[in-house]
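Okay, structure first, notes after.
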Amino acid sequence: MYQYYKDILDRIAEQPTWFDDYGVPRFGDFSPEDLGNIYASEAALAEVSCQGCGRMFKVALTEVFASKSLSLNDEIRLSRVDYGDPPNVYCCGAGPTMSSVMHRILEYWSRDYEASMNWQRDTTFEGPIAGEPVDPPDTMADVLAAVGSGVQSIRIMCTSRRNRCDLAGRITAEMVRTGRVLVTYHESYVSIAHQMIEGLVPSADVGHWKEERKVTLVDFSHLKDILLSTISCVIILAGPGPMDDAMQKICKRLSAEAGDKVQIEFVLAHSCAMTASADLVIDASRNVTSSRAPPL
C-alpha cells in the first residue's frame, strides 16, 4: 500500500497527471529524469486501474519492479509487469490495499551507463499488456545442451543487462564443473564480472589473470598474458563499443588459440561482438536457436 500524500493533494486543485515509482503524485509531463529512483537504468509510464473501483492511473515503473534475474523490459515482454497496489488517493474504500490491474505501457525508456548516460526511448515495449504471464525461456538448458552436443562457439543474444549477468553467471558456474573457465570482458565491465558470479562460485576459486584459479577474470587488454592451454572454456562479455586495431589483433589471437575451447559470448543490442562468427546463436528472448550467427 502506497502512502497517502494528503498534504500535497489538498494544496493542489488539479488532479495528478502521473504517479512516480514510489506512488508520489506528479503534476507535470512524465520524464524518466523525474523518477523517484535517480539511479534507474530503465523507466516506463504505464496505465493501471484500481481493482476495486476501476479508476485509471498513469504510473512510473523502474527495474526495481523486476525480478533479480530479469529487467523491466523482460517483465513487460513476458506480460509479468506489475505496479502492485494502485496509487493511494482514497479512490474507494479497499482500493489502495488491492493490487492494481495493468493495462498498457505508454512509454518505455532505458539507458546503459557503459554506453551513455542519456535516456533513449524504445517503442518496442510499448502497447497493451495482454494475455497470461509467460515464463522466461530456459536459455541455460539450451546452452548446456549445445555444449554437450559438441558445439564450440555460441553467441547468446541477451535481452538486458540483468538477463546477461544472470545467464553469464549461472553458465560460468556450470562450466567450472568441467575445468578452468576464463571470463573476459571490456574494462568497464569489471564490477559486472564480479557481480555475476558472486554467490555462485566460491570466492577462493576466483582470481585475476596472474592467478591460476578455477575462474580467471581478465579484461580484453590482458588476454595476451593468458596461457589458453590451461583453459577449457572461455566466457566473453561483448564490449559496449567498436574495437581499435590493437584489440582486434587480440581478438584474432583469442579465436586462433581458443579454437578447441568452448567459447560462449554474451551480447546486448548495443554490443560489439568479439568473435567474428559463431557456430550457434541463441536468442534469449524467444528461445529460438539457429546455426551460424550473422556478424554484428
Side-chain angles (χ1 to χ4, degrees), residues 2 17-24 26 29-51 54-87 98-140 142 156-168 170 192 196 266-271 282-288:
Y2 290 103
T17 52
W18 60 286
F19 294 80
D20 77 6
D21 37 327
Y22 293 96
V24 179
R26 306 301 298 267
D29 293 334
F30 170 77
S31 169
E33 300 285 355
D34 297 330
L35 295 167
N37 176 13
I38 63 173
Y39 302 107
S41 59
E42 290 184 280
L45 181 66
E47 189 176 61
V48 303
S49 65
C50 171
Q51 195 175 145
R55 177 169 170 174
M56 302 295 290
F57 300 94
K58 292 180 180 179
V59 299
L61 305 164
T62 67
E63 63 266 31
V64 299
F65 289 84
S67 66
K68 183 178 180 180
S69 62
L70 299 175
S71 70
L72 179 60
N73 72 55
D74 290 323
E75 300 285 8
I76 293 171
R77 177 173 51 82
L78 299 170
S79 298
R80 292 156 48 117
V81 63
D82 182 26
Y83 186 69
D85 298 334
M98 304 173 69
S99 294
S100 60
V101 179
M102 178 65 65
H103 292 281
R104 65 176 58 243
I105 302 299
L106 303 172
E107 298 181 27
Y108 172 82
W109 299 77
S110 68
R111 59 181 174 181
D112 190 327
Y113 293 117
E114 285 82 26
S116 173
M117 290 293 290
N118 296 325
W119 286 98
Q120 302 291 329
R121 187 169 178 178
D122 187 346
T123 59
T124 303
F125 302 102
E126 298 176 3
I129 301 294
E132 294 296 318
V134 178
D135 290 332
D138 193 353
T139 304
M140 181 171 173
D142 283 353
I156 303 174
M157 304 304 299
C158 301
T159 59
S160 65
R161 295 173 66 198
R162 282 194 182 189
N163 174 248
R164 177 166 78 160
C165 190
D166 173 68
L167 286 172
R170 291 191 292 125
I192 294 175
M196 77 183 205
F266 296 84
V267 180
L268 291 171
H270 66 266
S271 297
I282 297 178
D283 187 339
S285 66
R286 292 187 298 274
N287 211 27
V288 176

So His103 and Ser49, side chain to side chain contact (heavy atoms under 4.5 Å, CB included) or not? Walk me through it. CA-CA 8 Å; His103 292 281; Ser49 65; 2.8 Å; yes
Give the C-alpha distance, both sets of side-chain angles, the deciding distance and a yes or no for side chain to side chain contact (heavy atoms under 4.5 Å, CB included) between Ser99 and Gln51. CA-CA 6 Å; Ser99 294; Gln51 195 175 145; 3.8 Å; yes
Ser271 vs Arg164, side chain to side chain contact (heavy atoms under 4.5 Å, CB included): CA-CA, chis, key distance, verdict: CA-CA 12 Å; Ser271 297; Arg164 177 166 78 160; 4.0 Å; yes
Residue pair Ser41, Glu63: steps toward the side chain to side chain donor-acceptor pair (under 3.5 Å) verdict: CA-CA 7 Å; Ser41 59; Glu63 63 266 31; 3.1 Å; yes
For the pair Ser160 and Asn73, evaluate side chain to side chain donor-acceptor pair (under 3.5 Å) and give the outcome as yes or no after the intermediate values. CA-CA 8 Å; Ser160 65; Asn73 72 55; 5.1 Å; no
What verdict does the side chain to side chain contact (heavy atoms under 4.5 Å, CB included) test give for Val267 and Ile156, after you've listed the backbone C-alpha separation in whole Å, the side-chain angles of each residue and the deciding distance to 0.1 Å? CA-CA 6 Å; Val267 180; Ile156 303 174; over 6 Å; no
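Phe30 contributes atom CZ, which lies 5.5 Å from atom CH2 of Trp18 (distance to the nearest 0.5 angstrom). A distance of 8.5 Å separates CG in Asp82 from CZ in Phe65, rounded to the nearest 0.5 Å. Taken to the nearest 0.5 Å, the OG1 atom of Thr62 stands 12.0 Å off from the CD1 atom of Ile38. A distance of 9.0 Å separates CG in Asp283 from OG1 in Thr159, rounded to the nearest 0.5 Å. Interatomic distance, OG of Ser31 versus CD of Glu107, reported as 8.5 Å (0.5 Å rounding). Here CG of Leu45 is found 11.5 Å from CZ of Arg104. Values are rounded to the nearest 0.5 Å.
For the residue pair Met98 and Pro86, the shortest heavy atom distance occurs at O-CD, 2.7 Å. Residues Leu70 and Arg80 share a closest heavy-atom pair of CD1-NH2, 3.8 Å. When all heavy atoms of Leu35 and Ala60 are compared, the pair lying nearest together is CD2-CB, 3.8 Å.
At least one donor-acceptor pair under 3.5 Å links the side chain of Glu75 to the backbone N or O of Ser67. Between the side chain of Asp142 and the backbone N or O of Thr139, no donor-acceptor pair lies under 3.5 Å. For the pair Arg111 (side chain) and Ala40 (backbone), a donor-acceptor distance under 3.5 Å is present.
Salt-bridge annotation for Arg162 and Asp166: absent, with no side-chain N of the basic residue lying under 4.0 Å from a carboxylate O of the acidic one. One finds no salt bridge joining Glu47 and Lys58 here, because no Lys/Arg side-chain nitrogen approaches an Asp/Glu carboxylate oxygen to under 4.0 Å. Looking at Arg121 and Glu126, a side-chain N of the basic residue comes within less than 4.0 Å of a carboxylate O on the acidic one, giving a salt bridge.
Contact of the Phe266 side chain with the Leu167 side chain is registered, since non-hydrogen atoms from C-beta on lie closer than 4.5 Å. The closest side-chain heavy-atom distance from Ser285 to Arg77 is below 4.5 Å. Inter-residue side-chain proximity for Asp21 and Leu61 is flagged as unmet; no heavy-atom pair is nearer than 4.5 Å. The closest side-chain heavy-atom distance from Val48 to Val101 is not below 4.5 Å.
Partner of Tyr83 under the ring-ring contact (aromatic ring centres under 6.0 Å, His included) criterion, chosen from Phe19, Tyr2, Phe57: Tyr2.
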